Amino acid sequence: FGREMGGASRRPRRELWIPDEGGRAGTILLSILREPGESPRVRVRVLSATGEAIQYEARGNNLLHEPSIGGVVITARDVSDTVEAERSQAELARVLELIASEAPVREVLELIVTWVERELTDTRCTVLLTEAGVPHRVLRDGASPSMPDVYRAGVDGWSVGNRASPCAVAIGGSSQVL
């Protein structure tokens with residue numbers, strides 16, 4: 001085990017485990033040691049050399065009873081991309097459920113914005129809506145859950161085409177100033 005996971009020790013090194021996973025990993029390893037043969041697959045988070053959390057799917061095979069092996073073989077593979085794709089699909093399903101149940105538009109838009117921001121790391125997303133106002137169209141904050149309140153309040157009610165906001169200009173057309 002230790003060799004495959006970065007050490008020469010025959011026991012798991014504590015610094016490999018994310019703090020809240022260490023106890024769970026120990027419990028899993030003890031169950032593998034108690035029962036000869038293959039264990040069920042489990043998912044665990046392990047720290048990389050850079051300290052990043054990586055999702056692994058692992059299966060142990062207790063071969064202590066086999067004289068030629070006399071050990072436990074653990075096979076693990078990085079499933080971080082799979083876990084991320086599953087999370088993304090679940091979020092998309094939630095968006096579709098909200099739409100199908102005719103949830104308020106703002107609730108649907110905020111979930112979409114949150115989903116987009118998770119997919120595109122280091123990105124902040126805003127949905128601006130337009131409202132026909134007298135005497136002109138204005139912007140309304142449709143969804144900006146990660147933006148500061150001062151932004152949300154500031155953009156809400158701006159004239160479409162207001163040159164102080166790139167979004168307002170894009171919505172209103174760069175030649176249109178209202």
Side-chain angles (χ1 to χ4, degrees), residues 1-128 141-152:
F1 174 77
R3 204 164 323 176
E4 288 82 7
M5 298 302 284
S9 168
R10 293 185 65 84
R11 59 177 205 253
R13 297 172 50 201
R14 293 202 184 279
E15 62 269 17
L16 292 174
W17 306 108
I18 292 175
D20 60 334
E21 289 279 318
R24 182 172 164 265
T27 301
I28 292 167
L29 289 171
L30 285 174
S31 71
I32 292 169
L33 289 172
R34 283 189 208 115
E35 195 69 34
E38 283 192 38
S39 68
R41 285 190 186 106
V42 294
R43 284 191 179 168
V44 293
R45 293 180 302 153
V46 178
L47 293 175
S48 71
T50 62
E52 176 188 6
I54 300 173
Q55 292 275 349
Y56 275 91
E57 183 176 83
R59 170 176 267 167
N61 193 356
N62 179 339
L63 298 171
L64 290 168
H65 62 284
E66 292 287 328
S68 62
I69 305 229
V72 175
V73 176
I74 295 179
T75 306
R77 66 185 178 104
D78 182 343
V79 293
S80 299
D81 290 342
T82 301
V83 169
E84 191 61 28
E86 289 169 353
R87 184 199 49 76
S88 184
Q89 287 175 348
E91 287 181 1
L92 176 58
R94 178 70 181 130
V95 167
L96 295 174
E97 286 173 20
L98 287 176
I99 292 169
S101 68
E102 298 180 5
V105 171
R106 185 169 192 88
E107 186 179 345
V108 174
L109 292 176
E110 285 194 358
L111 187 57
I112 291 170
V113 166
T114 302
W115 177 44
V116 168
E117 288 179 347
R118 278 196 198 112
E119 293 298 309
L120 305 172
T121 56
D122 299 326
T123 299
R124 294 296 161 250
C125 185
T126 295
V127 174
L128 297 174
D141 177 44
S144 308
S146 64
M147 298 300 282
D149 289 339
V150 68
Y151 167 83
R152 296 166 108 177

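Source: prediction; values computed, not measured.
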Work out which heavy atom in S101 is nearest to a heavy atom in L98; give both atom names and the distance. OG-O, 3.1 Å

Sequence neighbours left out, what passes side-chain contact (heavy atoms from CB on, under 4.5 Å) with S146? Give chain and number order. E117, R124

Please list, one pair per line, the donor and acceptor atoms closer than 3.5 Å that link side chains of residues 104-112 to other protein atoms, with sequence neighbours excluded.
from	atom 1	to	atom 2	distance (Å)
R106	NE	E110	OE2	3.4
R106	NH1	D141	O	2.6
R106	NH1	G142	O	3.1
R106	NH2	D141	OD2	3.0
E110	OE2	R152	NH2	3.3

Do you know the tightest heavy-atom contact between C125 and V113? O-CG1, 3.4 Å

Find out whether Y56 and V79 are in side-chain contact, i.e. whether some heavy atom of one side chain is under 4.5 Å from a heavy atom of the other. no

Can you name the closest pair of heavy atoms from T126 and L128 and give their distance? CG2-CD2, 3.6 Å

Using the salt bridge (charged side-chain N to carboxylate O under 4.0 Å, His left out) criterion, which residues pair with E66? Sequence neighbours excluded. none

Treating N62 as the side-chain partner and V72 as the backbone partner, does any N or O pair qualify as donor plus acceptor under 3.5 Å? no

Within the side chain of R59, is there an N or O that forms a donor-acceptor pair under 3.5 Å with the backbone of S39? yes

Using side-chain hydrogen bond (donor to acceptor under 3.5 Å, both in side chains) as the criterion, list what pairs up with E35, not counting sequence neighbours. none

On a heavy-atom basis, the closest approach of I74 and A58 is CG2-CB, 4.3 Å

Distance col, row N61:CG vs I69:CD1, nearest 0.5 angstrom, shows 8.0 Å

Within the 4.5 Å heavy-atom criterion, are T82 and R43 side-chain neighbours or not? yes

Between CD on residue Q55 and CD on residue E86, distance to nearest 0.5 Å: 9.5 Å

With sequence neighbours left out, the residues meeting salt bridge (charged side-chain N to carboxylate O under 4.0 Å, His left out) with E97 are R94

How far apart are the closest heavy atoms of G70 and L64, and which atoms are they? O-CD2, 3.6 Å

Quick one: salt bridge (charged side-chain N to carboxylate O under 4.0 Å, His left out) partners of E119, sequence neighbours excluded? R87

